[in-house]
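Residue indices begin at 1 and follow the sequence shown.
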Amino acid sequence: MSFMDLPVMPPVAPMLAKAVTSVPPQPDGSVAWSYEPKWDGFRALVFRDGDEVTIGSRGGKDLARYFPEIVAAVKDELPDKVVLDGEIGVPALIGDTHRLDWDSLAQRIHPAESRVTMLAEKTPAIFIGFDALALESTSVMGEPFEVRREALLRAVGPGGRDRRVHVSRVTSDPAVAEDWFSAFEGAGLDGVVAKRLDGVYVENKREMLKIKHKRTADCVIFGYRIHKSGTGIGSMLLGLYGDDGELRMVGGAGAFSDAKRIELQQMFEPMRLDPEKASPGEPTRWRSEKSGEWIPIRPELVAEFAYDQMENHRFRHTVKFLRWRPDREPESCGYDQLDVPLTYDLHDVLEGE
């Protein structure tokens with residue numbers, strides 16, 4: 001039970017970004033956009049009211065129990081009443097360079113309290129704020145980003161490497177943003193975000209723009225096929241939710257090592273919807289194995305996949321598994337995340353028609 005008394009109360013669905021292919025330029029003679037690095041971590045909304053701290057995930061879950069060091073830092077480093085939007089990441093020293101380490105971050109979502117405590121000490125996380133929703137007794141969600149940015153800077157104050165709460169850099173120069181897009185990739189970032197300086201904070205709407213390095217999609221795994229050798233999985237079946245709430249098959253991912261195929265089968269077996277029965281293959285040209293049969297599982301796991309093209313609401317080629325996404329709710333994986341139109345008319349791309 002929450003005893004918080006804040007001008008903005010949890011849960012809040014964070015403002016989202018729409019994928020575009022290039023950094024949007026500033027309009028002639030004026031400044032409309034603020035650009036910032038796109039952090040590769042867990043999106044998180046931090047709510048603090050005195051000793052009470054909640055860390056809301058994109059799906060509305062409280063992440064506070066997994067990141068006790070962030071909770072402690074919020075109490076130590078932020079004002080008594082504050083609501084910030086940002087990203088949680090785990091810095092790691094790779095060679096002699098600090099960067100965000102996704103694998104260490106993903107391991108932090110663990111049910112055992114003893115492991116959570118151990119990992120908080122071994123791979124401590126940081127919070128990088130990039131927006132403010134409230135400061136002290138005032139909500140700033142209805143204010144333009146320029147005002148929210150000032151509130152964010154007031155809330156976090158001057159930083160230092162020994163702190164756990166930081167503020168993202170911003171620029172209004174598109175040339176600098178282009179440089180960041182290339183230069184910061186090695187630091188564990190995956191692109192650039194553009195926000196309208198006069199835009200207010202809108203929950204759960206794609207009001208920002210994101211320019212990513214790779215074309216990827218977070219998909220729900222809802223089934224698998226056994227490998228033609230009879231051992232391990234041959235491919236996993238991927239789905240996205242439509243506007244009607246229905247999960248639709250969009251393709252499959254295969255090409256796993258022998259060890260990985262067996263590991264995945266052991267992971268998926270307990271999730272089978274009907275342990276006795278496989279489903280007949282869908283009537284589709286997409287096939288991974290000689291048999292069309294596939295085994296349905298509970299649609300609970302989300303992973304990120306690289307793809308090159310979509311056609312008729314499906315991936316045109318087999319896609320590549322990149323990583324698990326324990327921070328994503330299956331229901332949040334829809335077609336709206338894709339950065340290309342799903343359908344277009346041939347005449348739209350011909351001159352003079």
Side-chain angles (χ1 to χ4, degrees), residues 2 4-20 22-39 41-49 53-61 63 74 78-88 127-157 165-174 176-177 180 191-212 243 329 332 334 336-337 339:
S2 175
M4 284 185 167
D5 180 20
L6 290 167
V8 176
M9 293 286 284
V12 170
M15 184 162 68
L16 304 175
K18 182 171 69 175
V20 295
S22 59
V23 174
Q26 299 286 17
D28 288 343
S30 65
V31 177
W33 295 101
S34 173
Y35 312 102
E36 62 190 57
K38 184 179 183 305
W39 302 94
F42 289 174
R43 184 72 177 276
L45 290 160
V46 167
F47 300 81
R48 185 207 176 177
D49 182 8
V53 175
T54 296
I55 304 175
S57 74
R58 179 174 159 177
K61 288 184 177 174
L63 299 175
V74 165
L78 290 181
D80 202 51
K81 287 180 181 282
V82 69
V83 183
L84 300 182
D85 186 3
E87 204 97 359
I88 293 174
F127 177 77
I128 303 159
F130 48 60
D131 214 327
L133 282 68
L135 182 58
E136 302 302 350
S137 60
T138 306
S139 166
V140 290
M141 287 179 69
E143 300 290 342
F145 178 61
E146 284 178 295
V147 175
R148 302 199 310 273
R149 172 80 183 174
E150 284 301 315
L152 172 66
L153 293 172
R154 286 205 310 277
V156 178
V165 181
H166 302 266
V167 173
S168 182
R169 287 173 65 182
V170 298
T171 182
S172 58
D173 186 340
V176 172
W180 286 357
V192 169
V193 169
K195 295 176 180 171
R196 290 193 177 277
L197 284 167
D198 62 357
V200 300
Y201 194 97
V202 187
E203 281 193 67
N204 206 33
K205 288 277 192 295
R206 295 187 182 275
E207 295 292 309
M208 306 181 289
L209 300 179
K210 62 183 176 184
I211 308 94
K212 291 187 71 171
D243 292 339
E329 299 295 317
S332 73
D336 62 345
Q337 67 184 296
D339 62 351

Inset, instruction - Go through the steps for Met4 and Lys81 under the test side chain to side chain contact (heavy atoms under 4.5 Å, CB included), then give the verdict. - result: CA-CA 9 Å; Met4 284 185 167; Lys81 287 180 181 282; over 6 Å; no

Could you tell me if the side chain of [Y] sits less than 4.5 Å from the side chain of [X], heavy atoms only?
X: Val193; Y: Phe130; result: no
X: Arg206; Y: Gln337; result: yes
X: Pro174; Y: Gln26; result: yes

Inset, instruction - Check whether more than 12 heavy atoms from other residues, nucleotides or ligands sit under 6.0 Å from atom NZ of Lys61, and answer yes or no. - result: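 Open: at most 12 neighbouring heavy atoms sit under 6.0 Å from NZ of Lys61.
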
Legend entry - Enclosure of Asp80 CG (heavy-atom neighbours >12, cutoff 6.0 Å): yes

Closest non-hydrogen atom pair, [X] against [Y]:
X: Pro37; Y: Arg169; result: CD-O, 3.3 Å
X: Pro25; Y: Trp33; result: O-CD1, 3.5 Å
X: Val200; Y: Gly142; result: CG1-O, 3.1 Å
X: Tyr35; Y: Ala194; result: CD2-CB, 3.9 Å
X: Asp85; Y: Phe127; result: C-CZ, 3.8 Å
X: Leu209; Y: Pro24; result: CD1-CG, 3.9 Å

[atom2] on [Y] to [atom1] on [X], rounded to 0.5 Å:
X: Leu45; Y: Leu63; atom1: CG; atom2: CG; value: 10.0 Å
X: Leu197; Y: Glu146; atom1: CG; atom2: CD; value: 4.5 Å
X: Thr138; Y: Leu133; atom1: OG1; atom2: CG; value: 13.0 Å
X: Asp243; Y: Asp336; atom1: CG; atom2: CG; value: 7.5 Å
X: Met208; Y: Arg196; atom1: CE; atom2: CZ; value: 13.0 Å

Legend entry - Donor-acceptor pair, side chain of Glu203 and main chain of Ala13, under 3.5 angstrom: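 Yes, because the side chain of Glu203 sits within donor-acceptor range (under 3.5 Å) of the backbone of Ala13.
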
Legend entry - Step-by-step side chain to side chain contact (heavy atoms under 4.5 Å, CB included) determination, Val140 to Leu135: CA-CA 8 Å; Val140 290; Leu135 182 58; 5.6 Å; no

Inset, instruction - Quickly, which of Arg148, Arg149, Arg43 forms a salt bridge (charged side-chain N to carboxylate O under 4.0 Å, His left out) with Asp131? Name it, please. - result: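 For Asp131, the salt bridge (charged side-chain N to carboxylate O under 4.0 Å, His left out) check succeeds only for Arg148.
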
Inset, instruction - Test Lys195 against Glu36 for salt bridge (charged side-chain N to carboxylate O under 4.0 Å, His left out), laying out the working first. - result: CA-CA 8 Å; Lys195 295 176 180 171; Glu36 62 190 57; 3.4 Å; yes

Inset, instruction - Begin from the C-alpha positions of Ile55 and Val74 and carry the test side chain to side chain contact (heavy atoms under 4.5 Å, CB included) through to its verdict. - result: CA-CA 10 Å; Ile55 304 175; Val74 165; 5.7 Å; no

Legend entry - Working for side chain to side chain contact (heavy atoms under 4.5 Å, CB included), residues Arg58 and Leu16: CA-CA 9 Å; Arg58 179 174 159 177; Leu16 304 175; 3.7 Å; yes

